[in-house]
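These values consider heavy atoms only, across backbone and side chains, with no hydrogens, waters or symmetry-generated copies.
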Amino acid sequence: MDSVKTIKWGILGCGRIARKLVKSMQVVEGSVVVAAASNTPGRAEAFCEEHGIEKACTSYKKLLSDRKVDVVYIANTHNFHCSTALVALKAGKHVLCEKPMAINAAEARQMVDAAGKHKRFLIEAMWTRFLPAMVQLREWLKEGRIGQLKQIHASFGVPISNTPRIYDPKLAGGALLDLGIYPLSFVSMVMQGKRPSAIQAFCELLDTGVDASSIIHMKYPGRVMADVKCCCVHDLPNDAWVIGSEGSIHVPANMFQAQAVQLKVGEETEIRDYPGEDKEAFRFQIEEVNQCIREGRLESEIMPLNETVMIAELMDALRAQWGVRYPGED
């Protein structure tokens, strides 16, 4: 049997989320981080020393010029995702971009267009979709185990007092882009990327002008209803329900890092547990990216680019309702 091609990764942005990806990389065969870059002096060197990474780069440009690197993980703040991805794609690198992939739909379309132009793989890092519990949920839906879809409920809310970025409009802060994207993406996954036919939403704003808490009601063709809740100032249930005419599927808290899924039909309940260590959190996402690159695919069927753009459009529409705008938006 031919040996599997090793995919070589570079990291752009050396913060907390990048540490999580590097730890997960350690349990993925045929995959290695060979370089990391930060625009903050000393940060890349410290990051590479901590994780045993071969090459520390003092700028993104230096990393992107390294021919060893096949794919980059963009892990800086999301107000810089688009500009960073455009440079990376032009440099011939495949891209896994932390969510939200862009702060608005216009940026997301730019990124998708650039990926197509340069014939490079691009994906939003919605890691929850690749977890075994979510794979099982999609399989139950495909099998029609709960009958006709009726309602979807999902929430994600935690107080984030120690992350000033989330309150700063200059950094595209607010609960929606950081937290709400998880339940929104969950609903979209269940609905197979369909666009809602109607949306009604309510929001509480912070003094800085970004959204703190919201409730979003959506209606889909086929009489399916969904509600999404997100908040960055207090806790929410952080679980998800998919309810059908014959039964229901429950993803217990915390749904964004799903380690269990429960199917209830009549009096019968089936529980699937998928316990995993924190170091494995991004493993399944990394494996999907590696497989797509090896097969020459430019996007993933599990997190397709048109769905990323559609979700960005939904968030644009919601922010327009609430009067939340970021610097530089028209």
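Here the OG atom belonging to S245 is positioned 8.0 Å from the CD1 atom belonging to I146, to the nearest 0.5 angstrom. For the atom pair C230 SG and I181 CD1, the distance stands at 10.5 Å (nearest 0.5 Å). Put simply, SG on C97 and CZ on F80 are 13.0 Å apart, with the number rounded to the nearest 0.5 Å. For the atom pair CE of M310 and CG of N306, the computed distance is 8.0 Å after rounding to the nearest 0.5 Å. Note: I11 CD1 to F47 CZ = 5.5 Å, rounded to the nearest 0.5 Å. Atom CD of E124 sits about 8.5 Å away from atom CE of M111, to the nearest 0.5 Å.
In terms of hydrophobic clustering, with Ile, Leu, Val, Met, Phe, Trp and Tyr side chains grouped at heavy-atom distances under 4.5 Å, I74 and I286 are assigned to different clusters. M126 is connected to Y73 through a chain of hydrophobic side-chain contacts under 4.5 Å among Ile, Leu, Val, Met, Phe, Trp and Tyr, so both are in one cluster. V309 and I103 fall into different hydrophobic clusters, defined by Ile, Leu, Val, Met, Phe, Trp and Tyr side-chain heavy atoms under 4.5 Å apart, directly or through other members. I243 and I215 end up in different hydrophobic clusters when Ile, Leu, Val, Met, Phe, Trp and Tyr side chains are linked at under 4.5 Å. A continuous path of ILVMFWY side-chain contacts below 4.5 Å connects F156 to V187, so both sit in one hydrophobic cluster.
The shortest distance between side-chain heavy atoms of V224 and K219 does not fall below 4.5 Å. For the pair E246/K150, no side-chain contact is recorded, criterion being any heavy-atom separation below 4.5 Å from C-beta on. Side-chain atoms of C82 and Q110, non-hydrogen and from C-beta on, do get closer than 4.5 Å to each other. Side-chain contact between E49 and E45 is absent, with no heavy atoms from C-beta onward closer than 4.5 Å. For the pair K93 and V71, the minimum side-chain heavy-atom distance is 4.5 Å or more. Here the side chains of I123 and V95 are not in contact, with every heavy-atom distance at 4.5 Å or above. By the 4.5 Å heavy-atom criterion applied to side chains, L96 and L21 are counted as neighbours. Residues R283 and F130 form no side-chain contact, since every pair of their non-hydrogen atoms from C-beta on lies 4.5 Å or further apart.
Between the side chain of E143 and the backbone N or O of W140 there is no donor-acceptor pair closer than 3.5 Å. Remark: side-chain polar atoms of D66 are paired, donor with acceptor, to backbone N or O of K68 under 3.5 angstrom. Using modelled atom types, one side-chain atom of Y326 and one backbone atom of G173 make a donor-acceptor pair closer than 3.5 Å. Without hydrogens or angle criteria, H94 side chain to F121 main chain gives a donor-acceptor distance under 3.5 Å. Here the side chain of N104 pairs a donor or acceptor atom with the backbone of E107 at under 3.5 angstrom. At distances below 3.5 Å, not a single donor-acceptor pair connects side-chain atoms of R120 with backbone N or O atoms of L89. Checking side-chain atoms of K264 against main-chain N and O of G266 turns up a donor-acceptor pair under 3.5 Å. Proximity of a side-chain donor or acceptor of T128 to a complementary backbone N or O of F256 within less than 3.5 Å is detected.
For the residue pair S31/W9, the side-chain donor-acceptor check at 3.5 Å is satisfied. With hydrogens and angles left out, the side-chain atoms of S24 and E280 include no donor and acceptor closer than 3.5 Å. In this model, a donor atom of one side chain and an acceptor atom of the other lie less than 3.5 Å apart for N76 and T84. The closest side-chain donor-acceptor pair between H217 and D227, if any, does not fall under 3.5 angstrom. Q291 and E287 are not linked by any side-chain donor-acceptor pair at a separation below 3.5 angstrom, with hydrogens and angles left out of the test. Residues T58 and K62 have side chains that bring a donor and an acceptor to within less than 3.5 angstrom of each other. Judged by distance alone, the side chains of H250 and D239 do bring a donor and an acceptor atom under 3.5 Å apart. Side-chain polar atoms of Q259 and D273 form no donor-acceptor pair below 3.5 angstrom.
Between E54 and V34, the shortest heavy-atom distance links the atoms CB-O, 3.6 Å. The two atoms that bring C14 and A44 nearest to each other are SG-CA, 4.0 Å, heavy atoms only. Closest heavy-atom contact between C231 and L179: O-CD1, 3.0 Å. The two residues E288 and S300 make their nearest non-hydrogen contact at OE2-OG, 2.7 Å.
For CD of Q192, the number of neighbouring non-hydrogen atoms (other residues, nucleotides, ligands) closer than 6.0 Å is 12 at most. Within 6.0 Å of the CD atom in E295, the count of heavy atoms belonging to other residues, nucleotides or ligands exceeds 12. More than 12 heavy atoms of other residues, nucleotides or ligands lie within 6.0 Å of NZ in K99, so this atom counts as buried by the packing criterion. Around the NZ atom of K8, the shell of radius 6.0 Å holds no more than 12 heavy atoms that belong to other residues, nucleotides or ligands. Within a 6.0 Å radius of OH in Y220, more than 12 heavy atoms belonging to other residues, nucleotides or ligands are found.
In this structure, H81 and H78 have perpendicular ring planes: the angle between them is above 60°, well past the 30° mark.
Counting only residues at least two apart or in different chains, side chain to side chain donor-acceptor pair (under 3.5 Å) contacts with residues 156-185 comprise W127-Y182, R129-S185, R165-D178.
Using a cut-off of 4.0 Å between Lys/Arg side-chain N and Asp/Glu carboxylate O, R272 and E270 are scored as salt-bridged.
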**OP:** Show your reasoning for whether side chain to side chain contact (heavy atoms under 4.5 Å, CB included) applies to R138 and I302.
**Re:** CA-CA 10 Å; R138 292 196 296 271; I302 299 173; 3.8 Å; yes

**OP:** Walk me through it: do L263 and T269 pass the test side chain to side chain contact (heavy atoms under 4.5 Å, CB included)?
**Re:** CA-CA 6 Å; L263 171 69; T269 299; over 6 Å; no

**OP:** Take K23 and F282 through the test side chain to side chain contact (heavy atoms under 4.5 Å, CB included) and record every step on the way to the result.
**Re:** CA-CA 8 Å; K23 288 180 180 178; F282 290 174; over 6 Å; no

**OP:** Begin from the C-alpha positions of S59 and N39 and carry the test side chain to side chain contact (heavy atoms under 4.5 Å, CB included) through to its verdict.
**Re:** CA-CA 5 Å; S59 72; N39 291 324; 4.2 Å; yes

Original post:
Between R145 and E139, does a salt bridge (charged side-chain N to carboxylate O under 4.0 Å, His left out) hold up when you go through it step by step?
Top reply: CA-CA 9 Å; R145 298 287 293 277; E139 188 62 30; over 6 Å; no

